[in-house]
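Okay, structure first, notes after.
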Amino acid sequence: MSVNRRISVAPMMDWTDRHDRYFLRQISRHTLLYTEMVTTGAIIHGGVDRHLRYHDAEHPIALQLGGSDPDDLARACDIANDYAYDEINLNCGCPSDRVQNGAFGACLMATPDVVANCVKSMIAASDAPITVKNRIGIDDQEDYPSLKRFTETVANAGCKTFIVHARKAWLKGLSPKENREVPPLRYELVYQLKQEFPELEILINGGIKTLDETEEHLKHVDGVMIGREAYQNPYVLSDVDRRFYGNDAPALTRHQVVEAMLPYIEQHLNEENATIGHVTRHMLGIFQQMRGAKQWRRYLSENAHRKGAGTDVVREALALVPEQQDAALSA
């Protein structure tokens, strides 16, 4: 199974759920999308379908797993085989208290041999390629030597793709939010990794906001993962297919993206306890920096969870954003 990872959207807790991914897929057909991190325990002991189901339109799609027990990770991969993900990724970069207490996420940067054993078990159990997402280091680890040692050890276990967040994670003293912003970005270390391991696929992540920046990074690495910018300003992905995948089909305008979501929202409302807010909360940034964007956000935020709210609420919010400027900007 071959996955084109040139451009991807990062796994983000509480953000990249199935509704957000379906929405992003209306903007870019080719960008690789990741699930939120799902723990092995949630898959093995929880509601499997609730955690793993997705819409066929979301392909290409990768599942990100959180865990540190090789047997549990293998079992989770085996269960996930039934869902035919295009990739399964092991989280070695999340610094939250939750993952620290479970001894996985960024903690695993300190134990490359454990990660290697996890990767071996996952590869043996999975129909999809196994990848790793990690930081450049944690706490007081020496910088490049630790990153090199981690990469080498895990690559020897069979992992050929590494997605590297170009910041350290400080497990003590910084919150998860601060860990996304305070440690300095060290893109040059990721570039060095690619130079030293040309046979590996190395992707870069962290602080990337524009497609021009993306193009610059691609001179040094194999792929770029965009994080918060793709959520807060999702239309940044609208030119990805043309610029990076050679697809000349015109991108949908922002209005067309919203209209394309209406049948999906209608279908979602047939589910138990569903509200349009489950979907529209991910759509608030579509008109970022446009006239009417504030009114769009406010109208949806105030009305999406009212009893009986349907797609009429989305249409009413859409009417607050002038369509002519949208068409002109998208041309």
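Being a predicted model, the structure only gives us computed values, none of them experimental.
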Within residues 266-278 or reaching into it, pairs that qualify as salt bridge (Lys or Arg N to Asp or Glu O under 4.0 Å) - sequence neighbours excluded: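 Residue pairs passing salt bridge (Lys or Arg N to Asp or Glu O under 4.0 Å), neighbours aside: Arg18-Glu271, Arg53-Glu271.
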Salt bridge (Lys or Arg N to Asp or Glu O under 4.0 Å): pairs with one or both residues in residues 224-237, sequence neighbours excluded: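 Salt bridge (Lys or Arg N to Asp or Glu O under 4.0 Å) check on residues 224-237 returns Glu181-Arg228.
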His220 ring center within less than 6.0 Å of Tyr187 ring center: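 Tyr187 vs His220: aromatic centres not under 6.0 Å.
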Pair His59 + Tyr54: ring centers closer than 6.0 Å: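 Ring centres of Tyr54 and His59 closer than 6.0 Å.
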Trace of the side-chain contact (heavy atoms from CB on, under 4.5 Å) decision for Trp296 with Met290: CA-CA 10 Å; Trp296 156 263; Met290 290 183 67; over 6 Å; no
Any donor-acceptor pair under 3.5 Å from [X] side chain to [Y] backbone:
| X | Y | answer |
| --- | --- | --- |
| Arg315 | Leu318 | no |
| Asn134 | Val164 | no |
| Ser238 | Tyr235 | yes |
| Arg135 | Gly93 | yes |
| Thr111 | Asp113 | no |
| Thr39 | Ala42 | yes |
| Gln267 | Pro263 | no |
| Asn205 | Met225 | yes |

Of all pairs that satisfy ring pair (Phe, Tyr, Trp, His ring centres under 6.0 Å), the ones with a partner from residues 23-53, not counting sequence neighbours: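 Qualifying pairs, neighbours excluded: His30-Tyr245.
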Pairs touching residues 136-162 that satisfy ring pair (Phe, Tyr, Trp, His ring centres under 6.0 Å), sequence neighbours left out: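 Of all non-adjacent pairs touching residues 136-162, none passes ring pair (Phe, Tyr, Trp, His ring centres under 6.0 Å).
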List in chain and number order the residues that pass salt bridge (Lys or Arg N to Asp or Glu O under 4.0 Å) with [X], two or more places apart in sequence or in another chain; answer none if no residue qualifies.
| X | answer |
| --- | --- |
| Asp72 | none |
| Lys168 | Asp143 |
| Lys294 | none |
| Arg21 | Glu58 |

Residues Phe244, Thr31; criterion side-chain contact (heavy atoms from CB on, under 4.5 Å); working and verdict: CA-CA 9 Å; Phe244 302 107; Thr31 300; over 6 Å; no
CG on Asn89 to CE on Met37, rounded to 0.5 Å: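 So the gap between those two atoms works out to 11.0 Å.
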Verdict with supporting geometry, Tyr191 and His217, side chain to side chain donor-acceptor pair (under 3.5 Å): CA-CA 9 Å; Tyr191 297 168; His217 286 302; 2.7 Å; yes
Considering all heavy atoms, the nearest Thr311-Leu262 contact: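 Scanning both residues, the minimum pair turns out to be CG2-O, 3.7 Å.
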Smallest separation among heavy atoms of Ile136 and Met109, with atom names: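 For Ile136 and Met109, the tightest heavy-atom pair comes out as C-CE, 4.2 Å.
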Aromatic ring pairing Tyr231/Trp15, orientation class (parallel under 30°, perpendicular over 60°, tilted between):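 Tyr231 vs Trp15 ring planes: parallel.
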Side chains of residues 73-81: which donor-acceptor pairs under 3.5 Å do they make with residues two or more places apart or in other chains?
unit_1, atom_1, unit_2, atom_2, d
Asn81, OD1, Asp127, N, 2.9
Asn81, ND2, Ala125, O, 2.9

Arg281 vs Asp17, salt bridge (charged side-chain N to carboxylate O under 4.0 Å, His left out): CA-CA, chis, key distance, verdict: CA-CA 11 Å; Arg281 73 185 183 96; Asp17 66 12; 3.4 Å; yes
For Arg5, all residues meeting side chain to side chain donor-acceptor pair (under 3.5 Å), sequence neighbours excluded: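 If we apply the side chain to side chain donor-acceptor pair (under 3.5 Å) test to Arg5, skipping adjacent residues, the hits are Glu87, Glu201.
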Residues which pass side-chain contact (heavy atoms from CB on, under 4.5 Å) with Ala319, listed by chain and number, not counting sequence neighbours: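 In terms of side-chain contact (heavy atoms from CB on, under 4.5 Å), with neighbours along the sequence ignored, Ala319 is linked to no residue.
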Test side-chain contact (heavy atoms from CB on, under 4.5 Å) applied to Arg243 - qualifying residues, sequence neighbours left out: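 With neighbours one apart ignored, the set is Leu211, Asp212, Glu215, Asp239.
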Residue pair Lys194, Glu196: steps toward the salt bridge (charged side-chain N to carboxylate O under 4.0 Å, His left out) verdict: CA-CA 5 Å; Lys194 178 59 189 176; Glu196 195 149 353; over 6 Å; no
Residues His268, His19; criterion side-chain contact (heavy atoms from CB on, under 4.5 Å); working and verdict: CA-CA 9 Å; His268 170 64; His19 304 308; 3.5 Å; yes
Any donor-acceptor N or O pair under 3.5 Å, side chains Asn233, Gln288: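 There is no such pair between these side chains.
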Step-by-step side-chain contact (heavy atoms from CB on, under 4.5 Å) determination, Val313 to Leu300: CA-CA 7 Å; Val313 169; Leu300 279 183; 4.2 Å; yes
